[in-house]
Amino acid sequence: MAFAIKTEVSDARAVAFTFSAQKTMYGGKHIAADDVVFVFASENEGGLGLIARAVVTSAEPVARKPGIARQTPRVSISVRRVALAQRPLGRDQLKRFKDWNDGRPETELNFKFYRQATNKIVGISGETAAFLDGFF
């Protein structure tokens, strides 16, 4: 399974990234070492969307806080960049894909990242991973 993360990125050209206690949705809690992850610099923090394809070098679940009934699973990951995006893909390019049942990779990304605009790690389909590979 491939994954994508949308989060704050301080240096888009870094060779390695560490993302601590990231919210997970849509299977994102299953991310593990050696998985492929597509890194999106969050527009909420001034980023421009897809910046890199990376490989997970470590993934550790974050312990739940005691006394809180409903908690979104969180994971801390470290990744190594293997490629930089060659063309843009972010909120501006994806916002027109709103037919949630059309099966398009663009719609899957819009739904998972921008319907609820919080930063997160998400699992993505093989079709969407293949689509994203076309940006490198």
Side-chain angles (χ1 to χ4, degrees):
M1 181 174 207
F3 296 87
I5 182 172
K6 180 173 69 84
T7 191
E8 182 175 5
V9 176
S10 57
D11 179 4
R13 298 189 97 37
V15 174
F17 303 95
T18 298
F19 304 114
S20 299
Q22 297 294 300
K23 180 179 180 179
T24 63
M25 294 178 74
Y26 310 108
K29 68 183 179 181
H30 300 293
I31 196 166
D34 298 323
D35 285 336
V36 171
V37 63
F38 295 91
V39 180
F40 286 72
S42 177
E43 292 92 343
N44 293 341
E45 281 85 21
L48 299 174
L50 182 65
I51 60 166
R53 182 175 57 223
V55 174
V56 178
T57 56
S58 70
E60 295 291 327
V62 174
R64 294 180 182 257
K65 296 179 182 177
I68 300 174
R70 289 189 52 177
Q71 297 180 51
T72 301
R74 293 184 179 267
V75 177
S76 294
I77 63 171
S78 294
V79 303
R80 177 181 40 83
R81 176 179 50 86
V82 295
L84 287 171
Q86 300 300 307
R87 53 192 176 108
L89 182 66
R91 183 185 306 252
D92 287 344
Q93 292 78 27
L94 296 170
K95 66 183 169 186
R96 66 185 178 97
F97 296 95
K98 295 180 182 175
D99 179 359
W100 300 142
N101 296 312
D102 68 5
R104 295 179 63 122
E106 299 95 326
T107 306
E108 179 181 349
L109 291 167
N110 185 26
F111 180 85
K112 290 180 176 180
F113 276 159
Y114 300 112
R115 186 178 65 99
Q116 179 187 14
T118 59
N119 294 340
K120 63 188 80 97
I121 298 171
V122 299
I124 58 172
S125 67
E127 294 82 9
T128 297
F131 167 75
L132 289 172
D133 277 335
F135 287 80
F136 299 90

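Only a predicted model underlies this, so the values are computations on that prediction, with no experimental measurement involved. Reckoned from all heavy atoms, side chains included, excluding hydrogens, waters and symmetry mates.
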Chemist: Does any non-hydrogen side-chain atom of Thr57 lie less than 4.5 Å from one of Val79?
Modeler: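 SC-SC contact between Val79 and Thr57 ruled out.
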
Chemist: Distance to the ring centre below 6.0 angstrom and angle to the axis at most 45 degrees; does that hold for Arg53 and Phe136?
Modeler: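 Satisfied, under 6.0 Å and within 45°.
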
Chemist: Give me each pair satisfying side chain to side chain donor-acceptor pair (under 3.5 Å) with a member in residues 11-20, each pair once, sequence neighbours excluded.
Modeler: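 Residue pairs with at least one partner in residues 11-20: Thr18-Ser78.
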
Chemist: In Å and rounded to the nearest 0.5 Å, what is the NZ to CG distance from Lys6 to Leu50?
Modeler: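 Between atom NZ of Lys6 and atom CG of Leu50 there are 13.0 Å.
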
Chemist: Is there side-chain contact between Gln93 and Pro88, with heavy atoms separated by less than 4.5 Å?
Modeler: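 The answer is yes; the side chains approach within 4.5 Å.
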
Chemist: With the 4.5 Å side-chain cut-off for hydrophobic clustering, are Phe131 and Val122 part of the same group?
Modeler: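 Yes, Phe131 connects to Val122 through the hydrophobic network.
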
Chemist: Look at the rings of Phe113 and Phe40 and say which category their plane angle falls in: under 30° parallel, 30 to 60° tilted, over 60° perpendicular.
Modeler: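 Rings of Phe113 and Phe40: perpendicular, over 60°.
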
Chemist: Might you point out which heavy atoms bring Ala32 and Ala59 nearest each other, and give the distance in Å?
Modeler: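 Where Ala32 meets Ala59 most closely, the heavy atoms are CA-CB, 4.0 Å.
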
Chemist: Without swapping roles, check the side chain of Ser58 against the backbone of Ile77 for a donor-acceptor pair under 3.5 Å.
Modeler: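 It does not hold such a pair.
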
Chemist: Does Trp100 reach the side chain of Arg115, with side-chain heavy atoms less than 4.5 Å apart?
Modeler: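 Result yes, sub-4.5 Å side-chain heavy-atom pair found.
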
Chemist: Taking Lys120 for the side chain and Gln116 for the main chain, is one N or O donor matched with an acceptor at less than 3.5 Å?
Modeler: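 Side chain of Lys120 to backbone of Gln116, a donor-acceptor pair under 3.5 Å: yes, one is there.
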
Chemist: Does Tyr114 share a hydrophobic cluster with Leu132, counting links as ILVMFWY side-chain heavy atoms below 4.5 Å and allowing steps through other members?
Modeler: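 Linked, Tyr114 and Leu132 end up in one cluster.
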
Chemist: Answer whether the closest heavy-atom distance between the side chains of Arg91 and Leu94 falls below 4.5 Å.
Modeler: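 Not in contact.
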
Chemist: Check whether Leu48 and Val37 end up in the same hydrophobic cluster, where Ile, Leu, Val, Met, Phe, Trp and Tyr are linked by side-chain heavy atoms less than 4.5 Å apart.
Modeler: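 Looking at the clustering, Val37 is in a separate group from Leu48.
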
Chemist: Starting from the C-alpha separation in whole Å, work towards a yes-or-no answer on side-chain contact (heavy atoms from CB on, under 4.5 Å) for Val56 and Arg80.
Modeler: CA-CA 6 Å; Val56 178; Arg80 177 181 40 83; over 6 Å; no

Chemist: Asn110 side chain to Phe97 main-chain N or O, any donor-acceptor pair under 3.5 Å?
Modeler: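 At least one qualifying donor-acceptor pair exists.
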
Chemist: Nearest 0.5 Å, what's the NZ-CD1 distance between Lys112 and Ile121?
Modeler: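 Atom-to-atom, Lys112:NZ and Ile121:CD1 are 13.0 Å apart.
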
Chemist: Which distance, rounded to the nearest 0.5 Å, do you find between the OG1 of Thr72 and the CZ of Arg74?
Modeler: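 Thr72 atom OG1 to Arg74 atom CZ measures 6.5 Å (nearest 0.5 Å).
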
Chemist: Heavy-atom count check: over 12 atoms from other residues, nucleotides or ligands less than 6.0 Å from Glu60 CD?
Modeler: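 Result for CD/Glu60: open.
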
Chemist: Can the ring centres of Phe111 and Tyr26 be said to be less than 6.0 Å apart?
Modeler: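 Yes, ring centres under 6.0 Å apart.
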
Chemist: Do you see a donor-acceptor pair shorter than 3.5 Å between the side chains of Ser125 and Glu108?
Modeler: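 Judged by distance alone, the side chains do pair up.
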
Chemist: Could you check whether the rings of Phe19 and Phe17 sit parallel, tilted or perpendicular, using 30° and 60° as the cut-offs?
Modeler: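 Answer is parallel, since the angle falls under 30°.
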
Chemist: Which of these, Thr118, Thr7, Asn119, sits in a side chain to side chain donor-acceptor pair (under 3.5 Å) with Lys23?
Modeler: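 So, applying the side chain to side chain donor-acceptor pair (under 3.5 Å) to Lys23 and each of Thr118, Thr7, Asn119, only Thr118 qualifies.
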
Chemist: Would you say the side chain of Lys65 lies within less than 4.5 Å of the side chain of Gln71, judging by non-hydrogen atoms?
Modeler: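 Touching, per the 4.5 Å side-chain cut-off.
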
Chemist: Following the transitive rule for hydrophobic clusters with a side-chain heavy-atom cut-off under 4.5 Å over Ile, Leu, Val, Met, Phe, Trp and Tyr, establish whether Ile124 and Phe135 coincide in one cluster.
Modeler: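 Looking at the clustering, Phe135 is in the same group as Ile124.
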
Chemist: Does any non-hydrogen side-chain atom of Glu8 lie less than 4.5 Å from one of Ser42?
Modeler: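 With C-beta onward as the side chain, the pair stays apart.
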
Chemist: Is any side-chain heavy atom of Val62 less than 4.5 Å from a side-chain heavy atom of Val75?
Modeler: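 Val62 does not reach Val75 side chain to side chain.
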
Chemist: Same cluster or not: are Val55 and Met1 linked, directly or through other Ile, Leu, Val, Met, Phe, Trp or Tyr residues, by side-chain heavy atoms under 4.5 angstrom apart?
Modeler: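 As far as the 4.5 Å side-chain criterion goes, Met1 and Val55 are not connected within one cluster.
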
Chemist: Would you say Ile51 and Val9 make side-chain contact, with heavy atoms under 4.5 Å?
Modeler: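 The answer is yes, as the side chains (C-beta and beyond) meet within the 4.5 Å cut-off.
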
Chemist: Who are the ring pair (Phe, Tyr, Trp, His ring centres under 6.0 Å) partners of Phe3, not counting sequence neighbours?
Modeler: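 For Phe3 there are no ring pair (Phe, Tyr, Trp, His ring centres under 6.0 Å) partners, ignoring immediate neighbours.
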
